[in-house]
Amino acid sequence: MSTPSANHATRATTPALQSVVPGVWGLRDVFANLYFVRNPNSPADPWVLIDAGLPGSGDKIKQRAEEIFGPNNPPAAILLTHGHFDHVGALPSLLEAWPSALVYAHPLELPYLTGRSSYPPPDPTVGKGLMATMSFLYPKKPIDLGGRVKALPEDGSVPFLAGWRWVFTPGHTPGHVSFFREYDRTLVVGDAFVTVFAESGTATYTQQQEVHGPPAYFTPNWQQARESVARLAELEPQVAAAGHGIPMQGEEMRRQLQELVRDFDKKAVPAQGRYVQQAAQADETGVVSLPPAAPVPLAWWLAGGAVVLGAALLASRTGGGSSSGVYDLAARRARKEGGQRQGPRPFAQYQ
């Protein structure tokens with residue numbers, strides 16, 4: 001494990017598991033990040049996991065947790081910035097392995113974690129790169145954690161993490177939160193903003209550090225997203241550990257974050273897209289209204305299928321790999337969406 005360099009890191013120069021600041025370790029799971037956190041001054045205190053990576057990554061996460069905290073030492077809790085598939089994918093296997101761990105999320109995120117509502121569908125029409133173009137293949141349906149998921153405390157405190165508070169940062173999802181440690185100004189930001197050009201396949205692969213707005217293809221409320229970025233910039237973080245991208249730090253990170261606030265409409269809001277002029281509306285029950293969908297061009301379906309097929313062939317030649325699970329999931333979703341839907345679809349599950 002190593003500490004990231006000062007805003008000049010790439011995938012080639014950083015290991016998947018790295019120490020971010022004392023008491024915080026980050027794990028890159030293909031293209032999404034999760035974080036292991038405990039009190040650095042009390043190593044015997046419980047630790048927590050923030051976010052849970054991609055489908056199929058449970059064994060990897062458990063192995064890395066044992067490297068940091070030792071065997072037979074499960075987390076006291078799993079905290080979620082939000083419930084998109086690349087932040088909750090390993091939860092089923094993790095909760096089976098860690099039966100005492102509870103999951104915590106904002107109350108407005110609970111419908112998507114208890115099977116009540118699907119998220120607004122991703123929007124490939126925002127453009128900007130391959131990750132955006134392929135987004136119509138990404139899972140958006142809810143998971144159902146039942147009684148294992150609880151609402152975060154109303155007072156802003158963070159379970160099992162003294163000195164931390166959660167900050168309400170909606171926009172990317174209705175109940176998105178970030179986590180902030182006051183004394184050293186460490187921010188675990190989720191996807192409220194990110195430190196890589198998340199829409200680009202090339203940038204996602206290289207992981208070159210840059211402050212960007214939330215992933216445009218999965219952000220259904222740009223007014224809320226704008227306000228959330230401004231709220232986080234007011235915290236003047238020293239370290240920003242995002243859900244996508246290598247953590248950034250110091251004056252350069254804050255300068256780029258302030259530029260994002262000042263020029264949010266230019267730097268973050270896409271020139272076109274389903275949610276640009278009209279936001280999706282949600283409440284404590286889940287999504288209640290959506291703007292009309294734009295049709296996905298046939299060429300995009302073919303391009304997405306080609307990427308999925310290429311990834312499958314690569315996985316077969318290499319004996320699999322950490323990324324194969326997400327491509328398998330995307331392929332299954334594409335097949336299902338292309339055929340007859342089965343069973344009822346609450347709120348049309350969504351067009």
Side-chain angles (χ1 to χ4, degrees), residues 1-4 14-29 32-54 57-82 87-91 93-106 145 148-153 155-167 169 177-192 195 232 235 237-243 245-249:
M1 294 180 290
S2 65
T3 301
T14 57
L17 179 66
Q18 57 181 310
S19 173
V20 179
V21 292
V24 179
W25 296 262
L27 176 63
R28 182 174 59 244
D29 182 18
N33 300 327
L34 53 104
Y35 296 92
F36 307 91
V37 186
R38 73 174 175 198
N39 183 346
N41 299 316
S42 300
D45 283 0
W47 66 276
V48 304
L49 180 68
I50 298 181
D51 289 340
L54 291 158
S57 61
D59 288 343
K60 173 171 57 180
I61 294 171
K62 287 180 287 185
Q63 177 183 349
R64 296 303 197 177
E66 289 192 1
E67 291 176 15
I68 300 170
F69 305 111
N72 303 315
N73 187 10
I78 301 173
L79 313 176
L80 297 179
T81 61
H82 62 299
H87 294 258
V88 302
L91 276 179
S93 64
L94 293 178
L95 292 179
E96 182 178 359
W98 297 331
S100 63
L102 290 175
V103 180
Y104 289 89
H106 190 275
L145 302 179
R148 296 290 294 274
V149 61
K150 307 293 184 183
L152 285 162
D155 63 3
S157 62
V158 179
F160 305 103
L161 288 183
W164 289 79
R165 61 185 171 96
W166 62 264
V167 182
T169 49
V177 299
S178 304
F179 298 96
F180 187 61
R181 188 166 68 183
E182 193 80 39
Y183 78 82
D184 64 351
R185 316 200 74 74
T186 295
L187 178 66
V188 179
V189 67
D191 288 0
T195 55
L232 293 174
L235 298 175
Q238 174 61 23
V239 173
I246 299 168
M248 294 181 66
Q249 58 185 289

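As the structure is a prediction and not an experimental result, all values here were calculated from the model. Only this structure's heavy atoms are used, side chains among them; waters, hydrogens and symmetry mates stay out.
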Would the distance check show the side chain of [X] and the main-chain N or O of [Y] forming a donor-acceptor pair, the cut-off being under 3.5 Å?
X: N33; Y: G26; value: no
X: Y35; Y: A242; value: yes
X: W166; Y: P153; value: yes

Can you tell me how far the [atom1] atom of [X] sits from the [atom2] atom of [Y], to the nearest 0.5 Å?
X: F179; Y: T81; atom1: CZ; atom2: OG1; result: 7.0 Å
X: I50; Y: I78; atom1: CD1; atom2: CD1; result: 11.5 Å
X: W25; Y: E67; atom1: CH2; atom2: CD; result: 12.5 Å
X: R148; Y: L95; atom1: CZ; atom2: CG; result: 4.5 Å

Quick one: list whatever passes side-chain hydrogen bond (donor to acceptor under 3.5 Å, both in side chains) with [X], sequence neighbours left out.
X: T169; result: H176, S178
X: R28; result: T14
X: D191; result: H82, H87, H172, H244
X: N72; result: none

[X]: which residues meet the side-chain contact (heavy atoms from CB on, under 4.5 Å) condition with it, sequence neighbours left out?
X: A162; value: none
X: A90; value: S57, I61, S93, L94
X: Q238; value: R185, R254

For W164, give me all partners under ring pair (Phe, Tyr, Trp, His ring centres under 6.0 Å), at least two apart in sequence or on another chain.
none

Going by the rule ring pair (Phe, Tyr, Trp, His ring centres under 6.0 Å), which residues pair with F160 if we only count those two or more places apart in sequence or in a different chain?
none

Between [X] and [Y], is any pair of side-chain heavy atoms under 4.5 Å apart?
X: L79; Y: L49; result: no
X: I68; Y: L17; result: yes
X: P159; Y: L152; result: yes

Taking every non-hydrogen atom, the tightest pair across [X] and [Y]:
X: L80; Y: V177; value: O-CG2, 3.6 Å
X: G70; Y: N73; value: O-CB, 3.6 Å
X: D29; Y: L54; value: OD2-N, 2.8 Å
X: I246; Y: T195; value: O-OG1, 2.9 Å

The criterion is salt bridge (charged side-chain N to carboxylate O under 4.0 Å, His left out); which residues satisfy it with [X], sequence neighbours excluded?
X: D184; result: R181
X: E96; result: none
X: R38; result: none

Please state whether the rings of W98 and W47 are parallel, tilted or perpendicular, taking 30° and 60° as the class boundaries.
perpendicular

